[in-house]
Amino acid sequence: MSLLFAPLEKKPELLANLYLYAVLPGFSDLLKHCPLARAKLGHHSFSLRLQSGSLQADLYFSKGRCRFFRNPALRPQIILRYLSLSQLNHQFNGKGFALPLPSRGATRLGDLQAFSALAGLLQEGLLSSRNLIERGLESSLARSIHIRLTLGCVMAAGAELINKETFSKNLFATSGDWLIDFSIASTDMKAWLERRGGICHWGRGAPPRSPGASLEFASEAAALEALSGNVDTLAMVNLRTIRLRGHTPLLDKLEPVFARIDPYLKPQ
Amino acid sequence: MTPEELLQKACDLLPGGIPGHQNPALTVPGTFPAFARRAEGAIYEDIEGHRLIDFMCGYGPLILGAAHPAVDEAFTQVARNGNCFNHPTEWTVRLAEKLVSLIDFADWAFFGKNGADMTYWATRVAREHTGKPYLIKFSQAYHGTEAWCSDAYAGALPEEKKYTLICPWNDPLALEKIFAEKRGQIAAVISTPFDHPVFADQSLPDPTFLKTIRNQCDQEGALWILDDVRCGFRHHLGGSHRYFNCQPDLSCYSKALANGYALSAAVGRQSLKPAASRVFATGSFWNNPAPMAAALKTIEILEQTDGPATILQKGQTWVEAFLDLGKKHGVPLVYSGTPAMPFLRIGEPQWAARQQDFCSAVLREGVFLHPHHNWFIGLQHTDAILEESLTKIDRALKNFRNA
């Protein structure tokens, strides 16, 4: 959908929320499914925080895995502090000065190098499967990683927008509590998005409760096509490459929200 | 060409495959048919030749049934002498005269092709008459796909929705609050006779709510536009306001007006005629005489058969029998709407998916019930057809319960 009706909000905090809470969780999927990522992490074991003002997110890398914490309890070994939200955003979008101040763990150069390499890999994996193939991954695995990362990012960014962006928030203001599950047939790729008590959450795997609506992509290719945007979604539904069930107007409402994710995260 | 090939071709050639409300995506894709082949009376055949007892009636227009011989003959006879001219024909005046005689508050009539032609035009008449900018519509009400009244955002500008204020249905206090907040700025309240949203139960109006609409409009110098496009002629030949005992200033009709031929109409009070004449709206086909002849024949048949009362009676009997079948099979059913436009759903939380399963089961038995949109009863639903549909629904409920 075009942005004619509701242009993107130019609030650094909204963008920082999207980067911290929609992009960074992708490290978990990346480490879990990508052997290149596990090789890059190697024996490194560290915890790292990205922080600007009151916004922060922690990543715990250990034993070939990554865990993401939105509200961390422990003090991490490395803290990368950004002087402003705009500076943090520059780190992700590659525009302008972005160098953070390592307020803790500045001497852990090996860990920082590993993190930097993993961040590059995450970015490439989110953009397309091609980059992963060029790095030597088998094409079907590369595609599956790209879809997994995209699906997670879309769910998380969708939740952030519904919670914080005026247009998306208003869309769901009167829709009560709901739960929608997303899956890709013949794979273990599942995710869910829920609005409960006015707050939107997301998760991977099977939904915690019976969903009000479900969307199943018939294949990875269908998911890739639909998630890449600007496709004839209705035609895909009619041809059963996207299968809907339940209270489908919820999915209609999500479409314009999802359509706003790319313009936020991949500005021209 | 197989149905699958046709659908694939449609999806290649048409945006969305099948645009609009007839898109199978809005029913149960893969189970519900995507294309029709023929229809007669209450029976509809999909492209594969499955015989279905139809309770959607083309989403409302078929109040006498598909391919009605007398209506089709009236249409064809006129069309033989041409259906598109440089001028209107006497049929325009004759139909206007008929509507004015049928509808108690109507002093004039205006014609178009679709319901939305009339609802949008009526809002402009209200603005022109009152000199005020704002419209109040009710939250789930459908008055067409135009940006001013729809929930869609694609291709829309915020400015197009800026003057449409949304009020919850059956909430007189909320309505009074909006009027108070925009004192002296409300041109009209636009409502349907009852709330008939999709994916939700229907809701009849509280009498106090209808009184509040009328009172607020009178106090504030606003008009009440009744969008009778979907309900019109199914509850009362003089308009649904007669059935619900209320009094609008303008009413819009379409759907059942010409039993399936493209025609819409708006009617209004004498005092609104100057404003109505100033709001220019027209279309190349708006005065085509054949649909107007079809409309006159449709109304004639409805008058002769006491159509709306008969439809309401048939609907009442059918709904009661349907609910009894639910009890028999231990399947909880929730009824809403009116007997002429009923909607029955599975009475469970998260019912939409179960309703899709249920309506799919009914479809497999040969009855077309939309899972999320109100159904329609017409004169084509003879006692034998209704009985046959109940036998099939009985089987479907049994299968559904055991599934």
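Chain naming here is simple, since letters A, B, ... match the order of the sequence lines and numbering starts at 1 in each. Remember, it's a predicted structure, so these values are computed and weren't measured experimentally.
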Checklist entry - What residue, out of Val198(B), Asn23(B), Leu7(B), has the most heavy-atom pairs lying under 4.5 Å from chain A? => result Asn23(B)
Checklist entry - Counting only heavy atoms not in Arg401(B), do more than 12 sit closer than 6.0 Å to its CZ atom? => result yes
Next on the checklist: Can you confirm whether more than 12 heavy atoms, excluding those of Arg130(A), are under 6.0 Å from its CZ atom?
Outcome noted: no
Checklist entry - Under a 4.5 Å heavy-atom cut-off, does chain A meet the side chain of Leu26(B), its backbone, both or neither? => result neither
Checklist entry - Who among Ser2(A), Pro211(A), Ala6(A) has the most heavy-atom pairs with chain B under 4.5 Å? => result Pro211(A)
Item to check | Which portion of Arg245(A) sits near chain B, non-hydrogen atoms under 4.5 angstrom | outcome: both
Item to check | Option in Pro249(A), Ser214(A), Pro256(A) with maximal non-hydrogen atom pairs under 4.5 Å from chain B | outcome: Pro249(A)
Checklist entry - Which one of Leu239(A), Thr241(A), Asp232(A) satisfies the side-chain contact (heavy atoms from CB on, under 4.5 Å) criterion with Cys11(B)? => result Leu239(A)
Next on the checklist: If the contact rule is any heavy atom under 4.5 Å from chain B, which residues of residues 162-171 of chain A qualify, in numerical order?
Outcome noted: Phe167(A), Leu171(A)
Checklist entry - Does atom NZ of Lys32(A) have more than 12 heavy-atom neighbours from other groups under 6.0 Å away? => result no
Checklist entry - What part of Ala154(B) is in contact with chain A, defined as an atom under 4.5 angstrom from a non-hydrogen atom: side chain, backbone, both or neither? => result both
Next on the checklist: Using a 6.0 Å cut-off, check whether atom CG of Asn230(A) has over 12 heavy atoms from anything other than its own residue.
Outcome noted: no
Item to check | Contacts with chain B made by residues 186-203 of chain A (heavy-atom distance under 4.5 Å), listed by residue number | outcome: none
Next on the checklist: Show the nearest heavy-atom pair for residues Gly246(A) and Ala352(B), with the distance to one decimal.
Outcome noted: C-CB, 3.5 Å
Checklist outcome for this item: Applying a strict 4.5 Å limit to non-hydrogen atoms, the region of Gln356(B) in contact with chain A is side chain
Item to check | Asp151(B), CG atom: more than 12 neighbouring heavy atoms under 6.0 Å | outcome: no
Next on the checklist: Just checking Lys253(A): does its NZ atom have more than 12 heavy atoms from other residues, nucleotides or ligands closer to it than 6.0 angstrom?
Outcome noted: yes
Next on the checklist: Determine whether a donor-acceptor pair (N or O, by modelled atom type, separation under 3.5 Å) exists between the side chain of Asn238(A) and the backbone of Gly16(B).
Outcome noted: yes
Checklist entry - Just wondering, are more than 12 heavy atoms of other shown residues or ligands nearer than 6.0 Å to CD in Glu216(A)? => result yes
Next on the checklist: Is it the case that over 12 heavy atoms from other parts of the model lie below 6.0 angstrom from the CZ atom of Phe322(B)?
Outcome noted: yes
